[in-house]
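Below is one structure, written out as structure tokens; the observations come after it.
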Amino acid sequence: MDEISPIVIDFKELASSQSTDEELQQLLSSNNFSLKIEKQHFPLEDIHLYCDISQKQPRTFVPKNMRQLIFKTLHFFCHPGISSSIDLIAKRFVWPGMRKHIKSMVRSCVKCQRAKVMRHTKSPIGTFSPLCPHTHKFYRSSPSF
């Protein structure tokens with residue numbers, strides 16, 4: 001049986017990772033209109049984080065080295081599947097290619113694959129005709145003595 005151990009996101013580590021992330025620096029210097037990334041102050045942690053403020057709720061930018069941790073923290077709690085994992089993570093965090101990356105990580109999640117229900121395809125009624133007994137092999141065979 002697997003042990004349940006909570007994974008905690010260290011936002012101070014996230015802030016220091018943001019300062020050295022090349023991808024974030026490229027986004028800040030480019031004229032990307034889909035994301036409005038600004039530095040936000042979080043007084044409870046007393047840190048500054050780069051966040052996307054293009055939506056109602058600010059979403060923290062996640063550097064490459066922290067993405068797996070963010071995924072594990074939110075997905076491994078209940079293994080919700082691809083679309084629910086994307087929604088759950090996208091409400092709070094952002095990074096380029098996030099949807100594709102999350103989809104790939106969910107598909108490689110062993111627990112999700114074990115619990116996945118495989119749907120069997122069913123043929124439409126009436127597409128198969130019964131075998132004609134006269135053309136069936138060994139129709140008139142008799143036991144050999």
Side-chain angles (χ1 to χ4, degrees), residues 1-139 141:
M1 182 173 207
D2 294 332
E3 292 181 31
I4 298 175
S5 58
I7 302 170
V8 179
I9 300 169
D10 183 5
F11 286 99
K12 290 183 181 180
E13 182 183 343
L14 183 66
S16 68
S17 293
Q18 281 184 343
S19 64
T20 59
D21 189 60
E22 295 176 12
E23 202 170 41
L24 176 60
Q25 302 308 321
Q26 288 176 352
L27 282 172
L28 291 172
S29 64
S30 71
N31 293 328
N32 187 348
F33 296 109
S34 62
L35 297 176
K36 294 180 183 178
I37 297 180
E38 291 182 6
K39 204 170 207 177
Q40 300 284 313
H41 182 259
F42 291 86
L44 293 176
E45 295 278 336
D46 193 31
I47 55 172
H48 288 85
L49 292 172
Y50 284 100
C51 298
D52 173 35
I53 58 166
S54 63
Q55 296 182 355
K56 292 179 183 178
Q57 180 180 350
R59 300 181 301 157
T60 305
F61 180 86
V62 182
K64 283 185 180 181
N65 65 331
M66 301 283 291
R67 293 174 186 170
Q68 188 74 24
L69 175 73
I70 297 296
F71 174 76
K72 284 182 179 179
T73 303
L74 296 173
H75 174 78
F76 282 25
F77 182 68
C78 62
H79 299 277
I82 293 174
S83 58
S84 296
S85 291
I86 290 171
D87 292 343
L88 187 66
I89 296 170
K91 284 180 183 175
R92 295 162 182 85
F93 300 99
V94 67
W95 66 80
M98 179 173 63
R99 294 182 186 283
K100 184 178 177 182
H101 190 229
I102 293 171
K103 186 176 183 178
S104 161
M105 287 191 287
V106 171
R107 284 186 172 165
S108 63
C109 176
V110 176
K111 281 196 173 188
C112 288
Q113 295 307 310
R114 285 184 186 160
K116 187 175 181 178
V117 175
M118 298 299 288
R119 293 190 176 103
H120 298 285
T121 57
K122 293 183 180 179
S123 300
I125 296 174
T127 57
F128 294 107
S129 59
L131 290 174
C132 180
H134 300 291
T135 59
H136 191 264
K137 286 186 178 183
F138 307 111
Y139 174 69
S141 65

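Predicted model only: the values in this text are computed from it and were never measured.
Listed by chain and number, the residues in a salt bridge (Lys or Arg N to Asp or Glu O under 4.0 Å) with Asp52 are Arg59 (sequence neighbours excluded).
In this structure the side chain of Leu28 reaches within 4.5 angstrom of the side chain of Tyr50, judged on heavy atoms. With contacts defined as side-chain heavy-atom distances shorter than 4.5 Å, the pair Asp46/His41 qualifies. The shortest distance between side-chain heavy atoms of Phe42 and Pro58 does not fall below 4.5 Å.
Taken to the nearest 0.5 Å, the OG atom of Ser16 stands 11.0 Å off from the CG atom of Asp21. Atom CD1 of Ile47 sits about 8.0 Å away from atom CG of Asp10, to the nearest 0.5 Å. Taken from SG in Cys51 to CG in Leu35, the straight-line distance is 11.5 Å, to the nearest 0.5 Å.
In plain terms, the two heavy atoms of Phe61 and Leu27 that are nearest each other are CE1-CD1, 3.5 Å. Minimum interatomic distance between His79 and Lys111 (heavy atoms only, all atoms of both residues): NE2-CD, 3.5 Å.
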In residues 85-103, what donor-acceptor pairs under 3.5 Å come from side-chain atoms, sequence neighbours left out?
residue: Ser85; atom: OG; partner: His75; partner atom: ND1; Å: 2.8
residue: Ser85; atom: OG; partner: Gly81; partner atom: O; Å: 2.6
residue: Arg92; atom: NH1; partner: Leu88; partner atom: O; Å: 2.8

Hey, can you pull the donor-acceptor pairs under 3.5 Å for the side chains in residues 65-73, sequence neighbours left out?
residue: Asn65; atom: ND2; partner: Ser17; partner atom: OG; Å: 3.3
residue: Arg67; atom: NE; partner: Val62; partner atom: O; Å: 3.1
residue: Arg67; atom: NH1; partner: Glu23; partner atom: OE1; Å: 3.3
residue: Arg67; atom: NH2; partner: Glu23; partner atom: OE1; Å: 2.4
residue: Arg67; atom: NH2; partner: Val62; partner atom: O; Å: 3.3
residue: Thr73; atom: OG1; partner: Leu69; partner atom: O; Å: 2.7

